[in-house]
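Just so you know, these numbers use all the heavy atoms, side chains as well, and skip hydrogens, waters and symmetry mates. Small disclaimer: the values here were computed from a predicted structure and weren't measured.
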Amino acid sequence: VGAAELADQAIAEVYRQTDGRLILIANGCITNGREALERVEAGATVVQISSILVTEGPQACRRIKDEISKALSNGGYVQLKDAVGAAHRKKKTKRKNLWKAKGGGDA
């Protein structure tokens, strides 16, 4: 089991034990928006990307933000808060994102 999987498991366990009542901060092993979204789905409310800032600099913030935005849209989420703890909820029919461009083209 890798560090990312351990992070997901730890976040998920605390989220379950507290019924999502705590603000959980995911830190470490986050190098892209998909990984950030996985931590949020596990139960994190905040994602800290300090280590990637050291290697990539401030432009990493924009890149991660753009990637997580795309991952949210692809996952059928309208807002980031909709994804918090989603891995622990029964799968529902995803709400239609009215803001997502149709046909993959730009609006």
TODO: Please name the pair of heavy atoms, one in Ile49 and one in Ile52, separated by the smallest distance, quoted to 0.1 Å.
DONE: O-CG2, 3.1 Å
- [ ] For Thr45, enumerate each residue passing the side chain to side chain donor-acceptor pair (under 3.5 Å) test, keeping only those at least two apart in sequence or located in another chain.
- [x] none
Task: Test item: Leu80 and Leu72 side chains (from C-beta on) under 4.5 Å apart, heavy atoms - done: yes
Task: Nearest atoms (heavy-atom pairs only) where Ala36 meets Ile68 - done: CB-CD1, 3.8 Å
Task: Pairs satisfying ring-ring contact (aromatic ring centres under 6.0 Å, His included), at least one member in residues 9-41, at least two apart - done: Tyr15-His88
TODO: Can you measure from CG (Leu37) to CD1 (Ile64) and round to the nearest 0.5 angstrom?
DONE: 11.5 Å
Task: Contacts of Arg16 that satisfy salt bridge (Lys or Arg N to Asp or Glu O under 4.0 Å) - sequence neighbours left out - done: Glu13
Task: Residue pair Ile11 / Ala26: nearest heavy atoms and the distance that separates them - done: CD1-CB, 3.7 Å
- [ ] Please name all residues satisfying side-chain contact (heavy atoms from CB on, under 4.5 Å) with Ser50, sequence neighbours left out, ordered by chain then number.
- [x] Asn27, Gln48
Open item on the list: If we ignore hydrogens and angles and just use 3.5 Å, is the side chain of Thr18 paired with the main-chain N or O of Val14 as donor and acceptor?
Closed with: yes
- [ ] Give the cluster check for Val40 versus Leu22: same hydrophobic cluster or not, with ILVMFWY residues linked at side-chain heavy-atom distances below 4.5 Å.
- [x] yes
TODO: Sorted by first residue and then second, give each salt bridge (charged side-chain N to carboxylate O under 4.0 Å, His left out) pair with at least one member in residues 22-32; sequence neighbours left out.
DONE: none
Open item on the list: If I take atom CD1 from residue Ile30 and atom CG from residue Asn32, how far apart are they, to the nearest 0.5 angstrom?
Closed with: 9.5 Å
TODO: With sequence neighbours excluded, give me every side chain to side chain donor-acceptor pair (under 3.5 Å) pair touching residues 2-12.
DONE: Asp8-Arg39
Open item on the list: Considering only residues two or more places apart or on different chains, which pairs with a residue in residues 39-72 satisfy ring-ring contact (aromatic ring centres under 6.0 Å, His included)?
Closed with: none
Task: For Arg63, side chain to side chain donor-acceptor pair (under 3.5 Å) partners two or more places apart - done: Glu56, Glu67
Task: By side-chain contact (heavy atoms from CB on, under 4.5 Å) - contacts of Ser51 (at least two apart) - done: none
TODO: Could you pull out the closest heavy-atom pair between Ala3 and Cys29, with the gap in Å?
DONE: CB-SG, 3.4 Å
TODO: Sequence neighbours left out, what passes side chain to side chain donor-acceptor pair (under 3.5 Å) with Arg21? Give chain and number order.
DONE: Asp19
Open item on the list: Taking side chain to side chain donor-acceptor pair (under 3.5 Å) as the definition, give me every residue that meets it alongside Gln59, ordered by chain and number, with sequence neighbours left out.
Closed with: none
